[in-house]
Amino acid sequence: MFLSQTDKHLSLWLRLCTLISATILALIIMFLLAESWPLLKHGVLTQFISDESWHPAQRLYNILPMLSATLLSTLGALTLATPLGIASAMFNRYYAPSFLASGYRRIIELMAGIPSVVYGLWGLTTLAPVINLWHPPGVSLLCAILVLAMMILPTIALTADSALGAIPVVFHQTAAALALSRWGTIRHVLLPLAKSSIGAGIMLATGRAIGETMAVLMVAGNVVQQPDSLFDSVRTLTANIALEMAYAMGDHRAALFVSGLALMLMIILLAGLAEINKRSS
Amino acid sequence: MKKSAFIILFVLSAAVWAYFTLTAPARQKLVLTGSSTVAPLAAEIGRLFESQYPGVRIDVQTGGSSRGVKDARMELADIGMASRTLKATESDLLSFTIALDGISIILNRDNPITALNKQQIIDIYTGKIVNWQAVGGSKAPITVVNKAEGHSTLELFLHYLGLKNTQVKPQVVIGDNQQGIKTVAGNINAIGYVSIGAAEYEAMHGTAIKLLPLNGIPASVKNVQNQSFPLSRPLNLITKKQPTGIIKAFIDFARSPEVNPIIEAQYFVPVAN
Amino acid sequence: MLKNRLATLLIWLSVILISAVFVVLVLDLVRHGWAELSLAYLVDAPLDAGRGGGIGPIMVSTGLILALTISVAAPLSLATAVFLTEFSSKNSVFSGIIKRSLDVLASVPSIVFGLFGNAFFCVYLGLGFSILSGGLTLACMVLPILIRTFSEGLRAAPDEYRLAAAALGLNRAAALRHFLLPTATPALIAGLMLAIGRAIAETAALIFTSGYVDRMPDSLMDSGRALSIHIYDLSMNVAGGDSHANSAALILISLLFMINTLSSKLAYHWMHKRITCL
């Protein structure tokens, strides 16, 4: 491309800034590696999956139960939040009278903004006692799933909402001309059109659920174990870091940075999935 | 119009920046790190100290006792905070007790149990007893609440019971005191252990918990004070070297009767008289 | 027909469920936190470990952290967004790698940013627990959000503008300044607000970077407690801190509400102006 002298300077500066932005991810991975090196250099990666438990003071570092807790709570939250989120978006676009739609969108936006500490506090003092009446101990995988679902619902709802909004009006007109019912139009015309954008929103929400820390720390119960049921208490990778980081020293601290690396790995896999979703559409 | 708005915004933010970086008085900073139990107390003492020594700023960062010890040893902090006595391996450090605290077993207020002996507590925490019925309570599964590793409350409690953390079979693991109190208050079958000060404060202000006696001695700040309560601990400030100058001034201040009202307001037991 | 009715019913039910949960949550907060709210609460210093007094210094620390975050992240993001949309071809390997890395960065958990900030800014660069460390950590965190919204804003500018600018003999810098950036302003503002909203609610990334000190900061090198950390500490570590935790949460949510309102108003305003100008 042709660039004038001014543009060349500008381009150089922009390139520099872009490099800085891109370096951050590399820096993060580098520092996670460097800080977990004291443990990794012994070369026994297997101990993170084969030790009998997570008791860093006794040098036992099995992170598998926390990995599965992170996966289970994320999956659970997605199963709840995805239909509810898409339903919210459809409500806004096709079902609500206009005054309700804008009000409801406001609610969703606010829900997106409520800090995780507040969700956690509410889950611990309101939700957990209710679950406890049903099946102790209350703070559990189920409680974490419910709170997480509330937290990621707005992400799914808002992205689905804008995806549906971006559909050209001609499709509505065609569907109307074909005398399709409202649900038929949505199900067979509009949803397929918005599928990949909605998928991207779900990926975004998945990232948020995997990374959520404070709320989960407050409501999941934090026992490091493979849950047998929804009512068992679990500890996620993120909660593990937040719970022990302030106290951790030496190898224990390094083990927490390994938890961080495991999280990064999950996120990178997720980004790969998102990429496939984008390509296939 | 738009441009001028941006310029104004820029100048304003530059001014704020300059104010905070240039006009900052060269106050001497004293950094304290460590125990989350001691941190709120140290911060309050620091506030009073600052009012008497305007040239000093007291920075309190929370962590755990072991972190306080380590930071003091590596001199990352001027003073470490620990809610326990120093271990044999830490004899290279100096500790200064500023207050006393105890650890109390807490149950939900509506739990009919009024006392447990030491063996029963051990059996509950190691998972040998899993139902309240076995200790004379109602027929309901016990929810055992344990602390996360690294807290000195956990170390002291396990030391008292003669257990290792790997033997404990918890249903819930908590971080700080209030999380334990909230968990027990919201679960009628839960058992936990927290700082007596915090528990007594919450119980007196209507939170649905109660403190269990140990060896027949009621868990209360008063019994920690007269040293009859078996599970009590000192709250310590820790330094590497014999303190001098402003560090010495702060430690002396924290151990003077002047701070007793602050210590009592945080529901701990003063040591100075 | 039955399916149609069923779908309508289900959609209304889920909307009612979500709204009910939201209302219960907010009412709980208001019920527990309302009593402590006053103007004095906003400006006073916390007393008695946060059980008494207000949140004045905490508001200042939060504001400083936010200002720092935005003043570092916004220029960097704008430059990156301009480069990616205007100065690099779509198929360039360089920009492809950068886009992927930003996509990953966008979903890095905040606690990992906390770990990184602690290791890099606090320890490696020696900034310690300080507002500076916290602000820079958050800047890294909001960077991908800003770049994404900024790029979308720029990309939304019609190609006619670029062609017209080229036809007028303007260089790209001038085209940016006079056509593209003004067009993208609503998106830029919306992105900024989104980033501020994300940053103001952050806890996990700040615990290990900006620290715990609830005193008025003297400089950016001082540790300062952010509002969300204050809420966490009051509810998890201070006996009797609940009502103040709820008040602080109420204030945080009102702030977010104001930011949301402002951003949609601003976006509308700019959009309106642009349309009437053209």
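Nothing here was measured: the structure is a model prediction, and the numbers come from that model. Letters A, B, ... mirror the listed sequences (proteins, then strands); counts begin at 1.
- In this structure, chain A has heavy atoms under 4.5 Å from both the backbone and the side chain of Leu115(C).
- Not counting sequence neighbours, the partners of Phe91(A) by the ring-ring contact (aromatic ring centres under 6.0 Å, His included) test are Tyr104(A), Trp12(C).
- The most heavy-atom pairs under 4.5 Å with chain C, out of Leu84(A), Ile186(A), Ile108(A), Ile268(A), come from Leu84(A).
- When the heavy atoms of residues 204-213 of chain A are compared with those of chain C, the residues falling under 4.5 Å are Leu204(A), Gly207(A), Gly211(A), Thr213(A), listed by number.
- Atom OG of residue Ser235(C) and atom CG of residue Leu121(A) lie 4.5 Å apart, to the nearest 0.5 angstrom.
- Applying a 4.5 Å heavy-atom cutoff, the residues of residues 145-156 of chain C that approach chain A are Ile147(C), Arg148(C).
- Distance check, rounded to the nearest 0.5 Å: CH2 of Trp13(A) to CZ of Phe83(C) gives 15.0 Å.
- Using a 4.5 Å cut-off between heavy atoms, Tyr94(A) does not touch chain C at all.
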side-chain hydrogen bond (donor to acceptor under 3.5 Å, both in side chains) evaluation trace for Arg106(A) with Thr261(C): CA-CA 9 Å; Arg106(A) 218 49 203 283; Thr261(C) 316; 2.8 Å; yes
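- Partner of Phe31(A) under the ring pair (Phe, Tyr, Trp, His ring centres under 6.0 Å) criterion, out of Phe120(C), Phe121(C), Phe113(C): Phe120(C) alone.
- The contact between Met214(A) and chain C is made entirely by side chain atoms (from C-beta outward), counting heavy-atom distances below 4.5 Å.
- Heavy-atom pairs under 4.5 Å with chain A peak, among Ser19(C), Ala204(C), Ser95(C), at Ala204(C).
- Scanning for side-chain hydrogen bond (donor to acceptor under 3.5 Å, both in side chains) contacts around Ser223(C) gives Gln61(B), with sequence neighbours left out.
- Of the residues considered (Val26(C), Asn171(C), Val104(C)), Asn171(C) shows the highest number of contacts with chain A, using heavy-atom pairs under 4.5 Å.
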